[in-house]
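Below is one structure, written out as structure tokens; comments come after it.
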Amino acid sequence: MCGRIVARVLKKAWTKGGRIVIPPMFRPSYNIAPTQGIVVFRAGEREWDASIMRWGLVPSWWKDAAELPGQTFNARAETVAEKPTFRAAFKRRRCLIPCDGFYEWKATGAKAKQPYFIHPADPEGIFHFAGLWELWETADGAMESCTIITTEPNTLMAGIHNRMPVILAPEAHEEWLDPGVQGGERLARLLLPCDAVEMAAYKVGPVKGDGENLIKRII
DNA sequence: CCAGACGTTGTT
DNA sequence: GTCTGG
DNA sequence: CCAGACGTTGTT
DNA sequence: GTCTGG
């Protein structure tokens with residue numbers, strides 16, 4: 001479905017002066033920000049279902065369409081089962097968010113930050129973040145949104161930041177996605193920092209100041 | 001039993 | 001969706 | 001050898 | 001990147 005739309009867009013672009021111009025929404029992103037759409041895998045009828053959802057979970061009961069919750073792009077593993085915003089999704093709507101790496105900014109001074117790019121140690125590897133998704137319905141329509149669960153840092157991440165996304169090993173994927181799996185303890189066992197040997201990091205930059213122009217530099 | 005509240009975390 | 005307070 | 005093409009499908 | 005047609 002999505003693929004067909006992309007193909008149509010490409011056809012239009014190709015016939016337009018012979019130059020390939022990919023619309024912004026289909027360009028690969030090197031730096032996704034909260035509120036943008038990200039790819040989400042969830043349990044489908046037979047196989048995983050891949051969707052694009054808003055990064056920043058909106059609870060099903062959210063009323064104020066003019067102002068969506070602003071800080072729900074991450075959920076803390078330690079509290080996700082209890083927080084009103086996340087607990088319903090934690091029970092039945094868990095997902096995986098694929099990612100080939102992410103940036104983390106290490107505070108190196110009062111206002112100085114040093115960004116790092118963290119990626120799978122295996123060059124062929126893909127991270128699968130543990131996430132939650134939610135359906136939010138209004139009179140005007142519906143939206144699916146998601147969040148990424150964070151936990152304590154492993155030894156690699158500890159040198160960079162005080163939190164890290166929960167990265168699930170392939171063996172844990174099915175259990176995490178299975179809505180039949182209930183019980184906080186069994187799920188909590190999965191929400192731990194992954195082994196540092198699965199990750200590698202390198203400095204991006206160096207960049208001083210608030211990192212405003214970092215994005216341009218990365219791209 | 002029902003009405004009403006319930007926000008969350010640390011990216012960019 | 002789920003919990004709390006009245 | 002080089003220029004130019006190269007996309008997919010039949011639903012919501 | 002790779003295949004096809006001229």
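Each chain gets a letter, A, B and so on, in the order the sequences are listed, and its residues count up from 1.
Put simply, CG on Leu57(A) is 14 Å from P on dG10(B), counting in whole angstrom units. We find that CD of Glu152(A) is positioned 16 Å from C1' of dG10(B), with the value rounded to whole Å. Summarising the geometry, the separation between CZ on Phe117(A) and P on dT12(B) is reported as 11 Å, rounded to the nearest angstrom. dT8(B) atom P lies 13 Å from atom CZ of Phe73(A), rounded to whole Å. Taking atom CZ on Phe86(A) and atom P on dT2(C), their separation rounds to 16 Å, with Å as the unit. Going from atom CD of Glu78(A) over to atom C1' of dT8(B) covers 13 Å, rounded to whole Å. At whole-Å resolution of the value, CG in Leu132(A) and P in dT8(B) are 13 Å apart. Regarding Glu134(A), its CD atom lies at a distance of 8 Å from the P atom of dG1(C), rounded to whole Å.
In this view, Ile97(A) and Ile38(A), Val40(A), Cys95(A), Phe129(A), Cys146(A), Ile148(A) satisfy the side chain to side chain contact (heavy atoms under 4.5 Å, CB included) rule, not counting sequence neighbours. Not counting sequence neighbours, the partners of Thr150(A) by the side chain to side chain donor-acceptor pair (under 3.5 Å) test are Arg163(A).
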Do any N or O atoms of the protein come closer than 3.5 Å to N or O atoms of nucleotides 5-7 of chain B, and which pairs are they?
from   : atom 1 : to       : atom 2 : distance (Å)
dG7(B) : O3'    : Thr85(A) : OG1    : 2.8
dG7(B) : N2     : Pro69(A) : N      : 3.0

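Using a 4.0 Å heavy-atom criterion, one finds that Glu104(A) contacts the sugar-phosphate atoms exclusively. No contact: Phe102(A) has no heavy atom under 4.0 Å from any strand. Contact annotation for Ile32(A): backbone-only contact, meaning every heavy-atom pair under 4.0 Å involves sugar-phosphate atoms and none involves a base. Contacts of Ala75(A) with the nucleic acid, taken as non-hydrogen atoms under 4.0 Å apart, involve only primed sugar atoms and P, OP1 or OP2.
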Parsed dot-bracket for DNA chain B after applying the Watson-Crick and G-U rules with both distances under 3.5 Å and | for other-strand partners is ||||||......

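Put simply, Thr150(A) has a side-chain N or O that comes within less than 4.0 Å of OP1 or OP2 on dG10(B). Phosphate proximity of dT2(C) to Lys91(A): present, with a side-chain N or O under 4.0 Å from OP1 or OP2. In this structure, Arg76(A) reaches the dG10(B) phosphate: one of its side-chain N or O atoms is under 4.0 Å from OP1 or OP2.
Using a 4.5 Å heavy-atom threshold, the side chains of Glu82(A) and Arg87(A) count as separate. Using a 4.5 Å cut-off on side-chain heavy atoms (C-beta onward), Phe127(A) and Phe102(A) make contact.
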Show me, pair by pair, the donor-acceptor contacts under 3.5 angstrom made by side chains of residues 186-198 of chain A, not counting sequence neighbours?
from      : atom 1 : to        : atom 2 : distance (Å)
Arg186(A) : NE     : Glu175(A) : OE2    : 2.4
Arg186(A) : NH2    : Glu175(A) : OE2    : 3.3
Asp195(A) : OD1    : Val197(A) : N      : 3.0

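Linking Ile, Leu, Val, Met, Phe, Trp and Tyr whenever their side-chain heavy atoms come within less than 4.5 Å leaves Leu135(A) and Leu132(A) in two separate clusters. Residue Leu96(A) is not grouped with residue Phe73(A) when hydrophobic side chains (ILVMFWY) are merged at heavy-atom distances under 4.5 angstrom, including chains of intermediate members.
Screening Leu156(A), Ile118(A), Asn154(A) for a side-chain contact (heavy atoms from CB on, under 4.5 Å) involving Met164(A) leaves a single residue, Asn154(A).
Using P as the reference atom, dT8(D) and dC3(E) are 16 Å apart when rounded to the nearest Å.
Ring geometry, Tyr103(A) versus Phe117(A): the interplanar angle falls from 30° to 60°, so the pair is classed tilted.
Listed by first and then second residue, the side-chain hydrogen bond (donor to acceptor under 3.5 Å, both in side chains) pairs that reach into residues 117-134 of chain A are Arg93(A)-Glu134(A), sequence neighbours excluded.
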